[in-house]
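Here's the structure, in structure tokens; my notes come after.
Residue numbers start at 1 and run along the sequence shown. In listed order, ligands and their atoms are each counted from 1. This one's a predicted model, so the numbers in the text were calculated from it and none came from an experiment.
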Amino acid sequence: MSNNNGILYIVATPIGHLADISIRALEVLSSVNLIAAEDTRNSKVLLKHHSIKTPMTAYHDHNEDKKRQVLINRLQEGESIALISDAGTPLINDPGYSLVRHVKQAGIQVVPIPGCCALIVALSAAGLATDRFSFEGFAPRTSGARKAMFESHRLEQKTLVLYESSHRILKCMEDIKAVYEPARLMSIARELTKTYETISTGSVDELYERVATDSNMQRGEFVVLIEGIDKKQQYEGLPKEALDTLKILLSECSLKTAVKLALELTGQPKKELYKAALKINDSD
Ligand code: SAM
């Protein structure tokens, strides 16, 4: 790495509360030559709050191809630059990936200045398993794509974490309710670190009711978390429709016949259907 190059700092900023920023982040933002911000008007509020007067330039999805080389040239001239986004950690569902990649390819040092990230903040207080999780970014926009995504995660033992907007939170909950068992544990982390912060944890059924019946629960910014499947509940690893079919058949026929018919109707593995049938009968 050339000593003449400046450094690109990737600086995490608050996701709501303006005080949620590290001392090191404030020092870096004050001392660099330039701050590349996703939205300079938005970041002005943060910088003003912390009395930081460093010049800013816009760096966002729509100008990144043009702007990238300009920033790299300045780094090669020895200037240091801090990249920030509107909220939280840059690059996490925010611009910056191609900049970091190209900057590293140019042999310029990239230094992360860690801090807030909505998905981690949500996980830390939701009360769901955190040892393994899968972050899917923003939930797909259409119901069909969302359901397919939930279906592909339903049998995973890791917690699923998603970002969702206020426009789609209710529709997203409808799809969760359609795919997951009613008792599956989930959380909705809303307006984290802000005045109306709400972190609700409960069953899929409970949280659907809460969102559907309380319009305040449909406002703001959301992280949606769904706990992975319980190992002991493996029989629930069958798709919801197959399990429902099996339950109806068991209420009408013998275990052997119910499994045979369920196999024909659902095409699910016989072993799983048999295991599930035994558990359902045991729990009656
Ligand atoms: N870079 C950010 C981070 O580190 O979390 C994420 C940016 S992404 C464009 C914005 C999405 O993150 C929002 O739509 C919401 O899903 C989530 N988010 C950001 N701030 C949040 C907050 N205060 N409370 C809940 N979710 C938040």
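- Every pair passing ring pair (Phe, Tyr, Trp, His ring centres under 6.0 Å) that includes a residue from residues 115-143 is listed here, sequence neighbours excluded: Phe135-Tyr163, Phe138-Tyr163.
- Atom 5 (O) of ligand 1 has as its closest protein heavy atom Tyr163 OH, 2.6 Å.
- Note: no N/O pair closer than 3.5 Å links Thr193 and ligand 1 by distance alone.
- Taking a cutoff of 4.0 Å between a charged side-chain nitrogen and a carboxylate oxygen, Glu272 and Lys275 qualify as a salt bridge.
- By heavy-atom distance, the residue among Phe138, Phe222, Tyr196 lying nearest atom 14 (O) of ligand 1 is Phe138.
- On a distance-only criterion, Lys194 and ligand 1 share no N/O pair closer than 3.5 Å.
- Looking at Gly16 next to ligand 1, no N or O pair under 3.5 Å apart turns up.
- In Lys260, the NZ atom is not crowded: 12 or fewer heavy atoms of neighbouring residues, nucleotides or ligands sit closer than 6.0 Å.
- The pair Glu181-Arg184 meets the salt-bridge criterion, with a side-chain N (NZ, NE, NH1 or NH2) lying under 4.0 Å from an Asp/Glu carboxylate O.
- Ligand 1 places these atoms under 4.0 Å from at least one heavy atom of Cys117: 4 (O), 5 (O).
- A salt bridge is defined here as a Lys NZ or Arg NE, NH1 or NH2 lying under 4.0 Å from an Asp or Glu carboxylate O, and Arg168 with Glu164 meets this definition.
- Taking 4.0 Å as the cut-off between side-chain N and carboxylate O, Glu174 and Lys177 do not count as a salt-bridged pair.
- What sits closest to atom 22 (C) of ligand 1 on the protein, heavy atoms only, is Leu192 N, 3.5 Å.
- At the shortest separation from atom 6 (C) of ligand 1 among protein heavy atoms lies Ile92 O, 3.4 Å.
- Looking from atom 9 (C) of ligand 1 to the surrounding protein, the closest heavy atom is Asn93 O, 3.1 Å.
- For atom 21 (C) of ligand 1, the closest heavy atom belonging to the protein is Glu221 OE1, 3.6 Å.
- Checking only distances, Ile15 does come within under 3.5 Å of ligand 1, N or O to N or O.
- More than 12 heavy atoms of other shown residues, nucleotides or ligands fall within 6.0 angstrom of atom NE2 in His50.
- Ligand 1 lies within reach of Ala87, whose nearest heavy atom is under 4.0 Å from it.
- Here's the thing with Leu119: none of its N/O atoms is less than 3.5 angstrom from an N/O atom of ligand 1.
- Between Asn5 and Gln76, the shortest heavy-atom distance links the atoms OD1-CA, 3.4 Å.
- Residues Tyr9 and Val110 have side chains not in contact (no heavy-atom distance under 4.5 Å, counting atoms from C-beta outward).
- Side-chain contact between Leu273 and Leu238 is present, with at least one heavy-atom pair separated by less than 4.5 Å.
- The protein non-hydrogen atom at the shortest distance from atom 4 (O) of ligand 1 is Thr89 N, 2.9 Å.
- Protein heavy atom closest to atom 18 (N) of ligand 1, with residue, atom name and distance, is Ala118 CB, 3.5 Å.
- With a 4.0 Å cut-off on non-hydrogen atoms, Ala189 touches ligand 1 through its backbone and not its side chain.
- Taking atom 7 (C) of ligand 1 as the reference point, the nearest protein heavy-atom neighbour is Asp94 OD2, 3.3 Å.
- In the displayed structure, Lys194 atom NZ is contacted under 6.0 Å by more than 12 heavy atoms of other residues, nucleotides or ligands.
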